Each structure stands twice: as C-alpha cells, then as structure tokens.
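Take a look at the structure set out below.
Source: prediction; values computed, not measured. One is the number of the first residue; the rest follow in order along the sequence.
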Amino acid sequence: GEYALLAYTLLAVGANNAGNARWTEAETNLSEAVKLVGQLKDKRQWEDCLSHQAHLEFYHGNFATSRELYERAMHSAKERNDKQIQNRCNSGIAGVLLVTN
C-alpha cells in the first residue's frame, strides 16, 4: 500500500539525487527506502535499493562497501533467480574489481 509506494518514491528520488550529485540527499533517501522495503519484505525492491546504494558508494570511492552491497543484493537475487538484478550486481562488482586491481 502506502509504504510500498513511499519506498518506491524514495528509491526514485534517491537515484535522481545521485544522478544530480546530491550525495547526502541520495544517501538519506536510499537508506530510508532500504528500511521501508526491509519491513515490507519486498526482496526485489530491497535488492534494487541496495544496488543503487552500492553504485553511490562506488562513486564515493568506498569500493569495499560498494562490493559488499552488490554481493548482498546478488545473493538475494540468486535465491529468487532474478537475472536482471544478478547482472546489475555482476556489472557493479566488475567495476569495483577493475578499479581495485
């Protein structure tokens, strides 16, 4: 219902914030979205939020945190056999490996 819509809105706004280099706002909105979808037990949206947080951490230079978030999202996506999220996470992890190796 309303909480699911709020979580989706926070995710969308957080992604937009990140795209406009509003880092603090992006972190706040994505963190709130993660909390909400965690309570709702919406695995797909939770993975989506984590992957956006991972992307944000990557651009902050926090590569270990970025990889950890991608791996958490990917593990959950594998359990659901969601290839889209798995591929997104694999791409993110590849980016981290390229930068750190």
Side-chain angles (χ1 to χ4, degrees):
E2 292 176 18
Y3 289 118
L5 182 57
L6 176 58
Y8 182 79
T9 301
L10 288 167
L11 170 60
V13 171
N16 185 283
N17 294 145
N20 289 299
R22 293 186 198 141
W23 308 118
T24 303
E25 292 172 45
E27 289 172 11
T28 300
N29 287 319
L30 292 172
S31 293
E32 286 300 314
V34 167
K35 288 178 195 173
L36 278 174
V37 295
Q39 294 170 358
L40 296 170
K41 301 192 187 317
D42 182 341
K43 295 278 191 179
R44 173 63 168 80
Q45 197 168 355
W46 181 78
E47 296 154 3
D48 205 18
C49 290
L50 282 186
S51 67
H52 281 284
Q53 282 185 314
H55 197 72
L56 190 62
E57 292 298 330
F58 179 89
Y59 282 107
H60 280 187
N62 301 323
F63 303 119
T65 303
S66 176
R67 183 174 180 173
E68 177 192 340
L69 290 167
Y70 278 127
E71 288 176 349
R72 286 175 55 201
M74 187 165 56
H75 177 74
S76 177
K78 280 183 179 178
E79 289 179 349
R80 298 181 315 95
N81 199 31
D82 185 325
K83 300 294 185 196
Q84 181 184 22
I85 293 290
Q86 289 178 57
N87 288 338
R88 180 187 299 168
C89 292
N90 280 327
S91 295
I93 291 169
V96 169
L97 292 174
L98 285 170
V99 170
T100 58
N101 287 324

Cluster overlap V37 with L6, hydrophobic side-chain contacts below 4.5 Å: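 Unlinked, V37 and L6 end up in two clusters.
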Heavy-atom donor-acceptor pair, S76 side chain to E47 backbone, under 3.5 Å: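 Flag not set: sc S76 to bb E47 has no pair under 3.5 Å.
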Partners passing salt bridge (charged side-chain N to carboxylate O under 4.0 Å, His left out) against E32 (at least two apart in sequence or in another chain): K35
How long is the straight-line distance from [atom2] of [Y] back to [atom1] of [X], given to the nearest 0.5 Å?
X   : Y   : atom1 : atom2 : answer
W46 : Q39 : CH2   : CD    : 14.0 Å
E25 : N16 : CD    : CG    : 9.5 Å
L10 : L30 : CG    : CG    : 8.5 Å
T65 : E57 : OG1   : CD    : 5.5 Å
S31 : L56 : OG    : CG    : 9.0 Å

Donor-acceptor side-chain pairing of Q86 and R80 below 3.5 angstrom: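 No.
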Validation row: I85, M74 side chains within 4.5 angstrom (heavy atoms): no
Validation: residues 91-101 side-chain donor-acceptor distances under 3.5 Å, sequence neighbours left out:
residue	atom	partner	partner atom	Å
S91	OG	N87	O	3.0
T100	OG1	V96	O	2.8
N101	ND2	L97	O	3.3

Test side-chain contact (heavy atoms from CB on, under 4.5 Å) applied to L11 and N29, step by step: CA-CA 7 Å; L11 170 60; N29 287 319; over 6 Å; no
Ring geometry between F58 and H55 (parallel below 30°, tilted from 30 to 60°, perpendicular above 60°): parallel
Verdict with reasoning, R88 to H52, per side-chain contact (heavy atoms from CB on, under 4.5 Å): CA-CA 10 Å; R88 180 187 299 168; H52 281 284; 4.2 Å; yes
Pairs touching residues 17-39 that satisfy ring pair (Phe, Tyr, Trp, His ring centres under 6.0 Å), sequence neighbours left out: W23-H60
Worked check of salt bridge (Lys or Arg N to Asp or Glu O under 4.0 Å) between D82 and K43: CA-CA 10 Å; D82 185 325; K43 295 278 191 179; over 6 Å; no
Residue among V13, N17, T28 satisfying side chain to side chain contact (heavy atoms under 4.5 Å, CB included) with R22: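 Exactly one option meets the side chain to side chain contact (heavy atoms under 4.5 Å, CB included) with R22, and it is N17.
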Y8 OH: over 12 foreign heavy atoms closer than 6.0 Å: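 At most 12 heavy atoms, drawn from other residues, nucleotides or ligands, come within 6.0 Å of this atom.
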Side chain to side chain donor-acceptor pair (under 3.5 Å), paired with H75, selected from R72, E79, K78, E71: E79
